[in-house]
Amino acid sequence: MKVNVLEAKNRLSELIRSAQAGEEVIIANRGEPVVRLVPISKEDSVGPLGSPQRILAWLKQNPLPESSRRSAEEIDADIQAERDAWD
């Protein structure tokens with residue numbers, strides 16, 4: 001379903017129900033599609049974009065390569081070495 005902004009404003013509740021039912025809802029501005037209305041999935045309910053919970057959930061699904069992993073001690077040592085280089 002494709003609707004213009006004014007129609008979407010007037011029918012928002014109906015469009016939300018349609019999206020929740022699995023129907024694709026596109027909102028257009030002057031006939032140009034600009035937004036797709038989609039329901040929030042269980043993954044999205046972990047937290048807002050950029051939240052620590054969401055980042056940790058993403059890292060569990062996409063672990064860092066072994067070559068990129070460092071311990072807290074290694075990170076602290078690198079930070080201290082960088083600070084010592086400033087003087």
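All of these numbers come straight from a predicted model, not from anything done at the bench.
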Quiz item: Do Q80 and D84 have side-chain atoms, one donor and one acceptor, less than 3.5 Å apart?
Solution: yes
Quiz item: Roughly how far, to the nearest 0.5 Å, is the CD atom of E32 from the CG atom of N29?
Solution: 9.0 Å
Quiz item: Would a 4.5 Å heavy-atom cut-off, applied to side chains only, mark L15 and E7 as touching?
Solution: no
Quiz item: Got more than 12 heavy atoms from elsewhere within 6.0 Å of CZ, R69?
Solution: yes
Quiz prompt | Reported CG-to-CG distance for the pair N10 and L6, which is rounded to 0.5 angstrom | solution = 5.0 Å
Quiz item: Do you reckon L37 sits in the same ILVMFWY cluster as I26, going by side-chain contacts under 4.5 Å, direct or chained?
Solution: no
Quiz item: Is M1 linked to V34 within one hydrophobic cluster, defined over Ile, Leu, Val, Met, Phe, Trp and Tyr using a side-chain heavy-atom separation of less than 4.5 Å?
Solution: yes
Quiz item: Got V3 and I27 here, is their nearest side-chain heavy-atom distance under 4.5 Å?
Solution: yes
Practice problem: Compare every heavy atom of V25 with every heavy atom of S18, then report the nearest pair and how far apart it is. | Solution: CB-CG2, 4.1 Å
Quiz prompt | Joint cluster assignment, I16 & V5, ILVMFWY side-chain distance < 4.5 Å | solution = yes
